[in-house]
Student: 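Take a look at the following structure, please.
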There are 2 protein chains.
Amino acid sequence: MRKTSVTSYDVAKAAGVSQSAVSRAFSPGASIAEKTRQRVLDAARELGYQPNAIARSMSTARQEPSQKSGMVGIVVTRLEDPFFAHAIANFSRHLQARGWHMLLFTVDSSAEVDEALNSLMQYRIDGVIILSAILSDHMAQVCRAQGTPVMLYNRDTKGLEVSAVGIANHEGGRLAADILLEAGHERIAFVGGDAGDETSREREAGFVQRLAEAGLTPFQRESGDYTFVSGREAGLRLFARHGRPDAVFCASDVMALGILHAARFDLGLRVPLDFSLIGFDDIPAAAWPGHQLTTIRQPIRRMIREAVSILAEAMEAPGEPPHTRLFPGTLILRDTVRGMGTASLSPDGQ
Amino acid sequence: MRKTSVTSYDVAKAAGVSQSAVSRAFSPGASIAEKTRQRVLDAARELGYQPNAIARSMSTARQEPSQKSGMVGIVVTRLEDPFFAHAIANFSRHLQARGWHMLLFTVDSSAEVDEALNSLMQYRIDGVIILSAILSDHMAQVCRAQGTPVMLYNRDTKGLEVSAVGIANHEGGRLAADILLEAGHERIAFVGGDAGDETSREREAGFVQRLAEAGLTPFQRESGDYTFVSGREAGLRLFARHGRPDAVFCASDVMALGILHAARFDLGLRVPLDFSLIGFDDIPAAAWPGHQLTTIRQPIRRMIREAVSILAEAMEAPGEPPHTRLFPGTLILRDTVRGMGTASLSPDGQ
DNA sequence: TCTGTATATGAATGCGCATTCATTAGCATG
DNA sequence: CATGCTAATGAATGCGCATTCATATACAGA
């Protein structure tokens with residue numbers, strides 16, 4: 001394991017050709033005789049040669065439209081969250097299928113995004129996907145200046161010159177209100193993320209708007225940090241007071257499940273007999289037999305396919321204006337809304 | 001956004017120094033006057049200069065012990081699985097804290113690991129972590145030849161010259177059997193991953209061994225693919241037959257929760273009254289109020305810290321022999337084993 | 001056989017940086 | 001003031017590859 005790895009020169013020598021020929025043998029579409037290519041490939045196999053991607057991207061740095069590093073940066077918060085874990089898994093598959101690698105950076109808050117981006121950009125990533133966080137105005141300009149396309153997933157562009165794919169949060173909030181209203185509820189609470197969270201605010205806004213149209217205002221309001229534990233705590237607070245809500249819309253399934261468990265198992269309440277509950281996202285656990293959580297589904301497979309597709313286009317044709325695409329959420333009726341669902345009459349675990 | 005980014009030459013010109021000086025200004029410990037360094041840093045800030053990590057690693061390729069690319073490869077299967085999502089999140093934090101970036105590659109089966117490694121190694125990663133999968137003998141040698149340390153997480157080395165961090169599966173299996181035996185069970189079933197899965201086999205072996213010591217053999221055996229759905233199906237099969245087991249040890253919490261939900265909500269069984277259940281891993285959902293799953297905990301924070309630490313050492317001092325570290329699992333008594341637990345008398349959701 | 005065109009090939013070059021080597025400046029001592 | 005030393009600096013170099021440019025070769029048509 002002494003000296004470094006095999007280079008194209010070694011292969012060239014072994015195959016009796018020039019280094020250029022070796023490079024051509026590994027470049028699809030290059031001008032090289034089939035016979036020569038075979039000879040090179042054989043020698044390469046013999047020596048265990050693997051082109052050095054780092055050197056390649058150094059070299060291609062000159063050419064304009066070429067793939068630069070082959071890496072896409074990913075900035076993500078809360079990777080533990082099933083919602084993000086699924087997203088990353090999906091992104092990974094799509095990106096890999098198109099020949100890109102993922103350079104992953106996790107951050108603890110939106111405040112760290114710029115720093116993460118800086119760090120990532122030193123690797124000359126060909127593009128970057130930011131999940132549920134937003135970059136600064138300044139950093140957006142830096143990215144543009146570097147020609148690095150940015151894709152915001154699950155976040156609004158807020159006027160920045162970047163692409164975005166997300167869910168129609170406002171509409172989703174209205175949808176949730178619709179069904180709760182239709183079920184005849186009147187004391188409807190909302191549980192969201194912290195006040196700074198755009199996504200949660202949009203869902204709340206749509207929800208509140210629809211309630212207002214029915215002459216109602218939210219009965220109560222709690223918030224958490226998108227974890228099960230914080231949902232559980234919010235649930236405990238919600239039902240500790242005197243006048244209880246008779247329905248809850250929660251801006252995230254994970255927290256909604258926290259509320260559900262708190263209500264059923266900490267407090268002994270019955271859902272949907274004592275109150276109705278609706279979540280957002282439709283994570284897998286929402287469909288578990290013991291949960292059967294009614295929720296607003298995000299079509300994440302389609303969303304991610306679209307996000308990768310838009311980003312790929314931007315990476316291949318730099319200079320194009322950014323695209324934004326919003327997907328509608330779908331109501332998934334299960335068993336946590338009174339009178340509405342697939343099995344409202346069956347036992348719900350109480 | 002025309003020509004490419006700012007280089008060290010641009011900064012040199014702006015600061016009125018040579019390119020070497022710029023490089024030194026960014027290299028801790030280099031011989032440069034403080035005054036000069038400040039001048040360079042000012043100019044760099046002015047121009048928005050960021051050192052090019054790709055070029056840097058090209059350049060440092062010559063020096064022996066130096067950090068090469070600053071990237072660590074990660075190969076993972078089933079990123080959707082909460083167990084892995086947590087692991088990746090943890091790895092990410094530790095690696096970042098030490099200044100490394102993660103180049104992530106997801107694979108669908110162990111068969112693809114070699115291919116993934118090849119792909120990753122083209123980026124001259126400084127090391128690689130493989131989660132719950134194993135590389136081939138041949139590829140292990142290639143990694144050694146390239147001086148790329150390999151860390152197997154959650155997998156045995158099987159004699160390969162690589163490092164590993166994992167849980168004592170055999171002991172864990174025994175532990176599970178211990179508690180079930182102590183609770184007085186006699187018709188004890190096992191649910192594992194598919195037959196090819198090492199982890200599952202080891203847990204089963206320990207479990208079966210301990211049962212044998214008590215004069216018992218497993219009452220029944222089912223397997224799944226580590227998803228909730230497959231656990232649920234296994235549960236359905238388990239209790240569809242005539243003679244039911246009175247206890248189940250499941251090699252993974254995710255599947256155990258599938259069994260739990262199937263039993264309670266599909267079949268109306270009571271846990272632990274009708275049967276006891278014990279899982280493995282201690283994922284967060286195991287502790288949810290409605291689950292309270294008794295399980296064998298993996299100390300994943302410590303395990304991951306240790307894995308990163310071992311890998312870091314190997315990356316910094318190449319040529320050192322690999323290390324393997326096995327952690328013991330801990331029994332977490334909750335409410336799914338009859339007569340043993342924190343609240344065996346409280347309602348369990350039935 | 002000669003010319004013209006298409007195709008293959010090798011030599012040379014540069015991507016952006018860290019480092020080595022040679023030189024110079026700065027400073028203390030005799 | 002000369003000498004010896006250290007610290008700071010710039011010029012030059014190469015990491016491994018893709019590409020350009022200039023040749024060389026093959027082959028068709030006249």
Side-chain angles (χ1 to χ4, degrees), chain A residues 3-40 44 47-70 121-124 126 146-147, chain B residues 3-40 44 47-70 121-124 126 146-147:
Chain A
K3 278 289 154 283
T4 53
S5 45
V6 193
T7 74
S8 56
Y9 279 96
D10 301 326
V11 177
K13 184 147 32 131
V17 297
S18 71
Q19 179 269 331
S20 317
V22 176
S23 174
R24 289 190 182 104
F26 281 91
S27 313
S31 171
I32 185 174
E34 189 49 36
K35 234 175 67 179
T36 313
R37 157 171 277 135
Q38 271 315 322
R39 197 139 43 90
V40 170
L47 298 174
Y49 169 75
Q50 290 285 112
N52 181 328
I54 299 280
R56 165 178 294 158
S57 73
M58 272 303 291
S59 174
T60 52
R62 275 187 287 186
Q63 282 69 38
E64 268 301 329
S66 150
Q67 176 172 283
K68 286 170 289 187
S69 66
M121 303 239 311
Q122 296 189 188
Y123 283 88
R124 297 301 183 260
D126 300 342
Q146 302 269 322
Chain B
K3 278 290 153 281
T4 52
S5 46
V6 193
T7 74
S8 56
Y9 280 96
D10 301 325
V11 177
K13 184 146 34 131
V17 296
S18 72
Q19 179 267 330
S20 316
V22 176
S23 175
R24 287 196 263 259
F26 282 90
S27 311
S31 172
I32 185 174
E34 189 49 36
K35 235 175 67 179
T36 314
R37 158 171 276 135
Q38 272 314 321
R39 198 141 41 92
V40 169
L47 298 175
Y49 168 75
Q50 291 284 113
N52 182 328
I54 298 282
R56 166 178 295 158
S57 72
M58 271 303 291
S59 175
T60 52
R62 275 188 287 184
Q63 282 69 39
E64 266 302 329
S66 150
Q67 177 173 283
K68 286 171 289 187
S69 66
M121 303 239 312
Q122 298 190 188
Y123 282 89
R124 297 299 183 261
D126 300 341
Q146 302 268 321

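Just so it is clear: chains get the letters A, B, ... in the order the sequence lines come, proteins before strands, and each one is counted from 1.
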Student: Mind calculating the distance between CZ (B:R124) and C1' (D:dG16) to the nearest angstrom?
Tutor: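 Taking CZ of B:R124 and C1' of D:dG16, I get 9 Å after rounding.
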Student: Quick check for you: to the nearest 0.5 Å, what is the distance between A:L47 atom CG and A:S5 atom OG?
Tutor: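 These two atoms lie 11.5 Å from each other.
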Student: Without decimals, in angstroms, what is the distance between A:Q50 CD and D:dC17 P?
Tutor: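 Whole-Å distance recorded here is 11 Å.
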Student: Send over the distance from A:D10 CG to D:dC15 C1', rounded to a whole Å.
Tutor: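 That distance rounds to 13 Å.
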Student: Please enumerate all residues that pass side-chain hydrogen bond (donor to acceptor under 3.5 Å, both in side chains) together with A:Q50, with sequence neighbours excluded.
Tutor: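 A:Q50: side-chain hydrogen bond (donor to acceptor under 3.5 Å, both in side chains) contacts with B:N118, B:Q122.
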Student: For nucleotides 7-10 of chain D, give me every protein contact, N/O to N/O, under 3.5 Å, one pair per line with atom names.
Tutor:
from   : atom 1 : to    : atom 2 : distance (Å)
D:dT9  : OP1    : B:T36 : OG1    : 2.5
D:dT9  : OP2    : B:A33 : N      : 2.9
D:dT9  : OP2    : B:T36 : OG1    : 3.1
D:dG10 : OP2    : B:S18 : N      : 3.1
D:dG10 : OP2    : B:S18 : OG     : 2.9
D:dG10 : N7     : B:R24 : NH2    : 2.7

Student: Whole angstrom is fine here: how far is it from CD1 in B:I54 over to P in C:dC17?
Tutor: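 Atom CD1 in B:I54 sits about 12 Å away from atom P in C:dC17.
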Student: Return the set of residues passing side-chain hydrogen bond (donor to acceptor under 3.5 Å, both in side chains) with B:R56 (not counting sequence neighbours), or none when no residue passes.
Tutor: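 B:R56: no side-chain hydrogen bond (donor to acceptor under 3.5 Å, both in side chains) contacts found.
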Student: Considering all heavy atoms of both residues, which atom of A:F26 and which atom of A:V40 are nearest to each other, and what is their separation?
Tutor: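 Heavy-atom minimum between the residues: CE1-CG1, 4.4 Å.
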Student: OP1 or OP2 of D:dC17 sitting under 4.0 Å from any side-chain N/O of A:S8?
Tutor: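 Yes, within the criterion.
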Student: B:S23 side chain N/O closer than 4.0 Å to the phosphate oxygens (OP1, OP2) of C:dA18?
Tutor: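 It does, given that an N or O in the side chain of B:S23 lies less than 4.0 Å from OP1 or OP2 of C:dA18.
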Student: Under the rule for side-chain contact (heavy atoms from CB on, under 4.5 Å), what residues qualify as partners of A:A30, not counting sequence neighbours?
Tutor: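 Once residues adjacent in sequence are excluded, the partners of A:A30 under the side-chain contact (heavy atoms from CB on, under 4.5 Å) criterion are A:R24, A:S27.
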Student: Expressed in angstrom and rounded to an integer, what is the separation of B:F26 atom CZ from C:dG16 atom C1'?
Tutor: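 Result: 13 Å.
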Student: Using every non-hydrogen atom in the two residues, find where B:S57 and A:I54 come nearest and quote the distance to one decimal.
Tutor: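 Smallest heavy-atom distance, with atoms named: OG-CG2, 3.4 Å.
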Student: Under 4.5 Å between any side-chain heavy atoms of A:Q38 and A:E34, yes or no?
Tutor: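 A side-chain contact under 4.5 Å exists here.
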Student: For D:dA11, take OP1 and OP2 only and decide whether either is under 4.0 Å from a side-chain N or O of B:Y9.
Tutor: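 Indeed not, no polar side-chain atom of B:Y9 lies that close.
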Student: Can you check the B:M58 CE to C:dT19 P distance for me, whole Å?
Tutor: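 Rounded to the whole Å, the gap is 14 Å.
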Student: Between the two end axes of the helix from C:dT1-D:dA30 to C:dG30-D:dC1, each built from 5 base pairs, what angle do you get to the nearest 10°?
Tutor: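 The value is 40°.
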Student: Distance check needed: D:dC17 C1' versus A:K68 NZ, whole Å only.
Tutor: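 After rounding, the gap between these two atoms is 18 Å.
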Student: Please report the shortest heavy-atom distance between A:Y123 and A:S69, naming the atom on each side.
Tutor: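 That would be O-CB, 3.8 Å.
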Student: Calculate the interatomic distance between A:N52 atom CG and D:dG16 atom C1'; express it in whole Å.
Tutor: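 One finds 6 Å between C1' of D:dG16 and CG of A:N52, rounded.
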Student: What is the distance from atom NZ of B:K68 to atom CZ of B:R124, rounded to the nearest 0.5 Å?
Tutor: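 The NZ atom of B:K68 sits 9.0 Å away from the CZ atom of B:R124.
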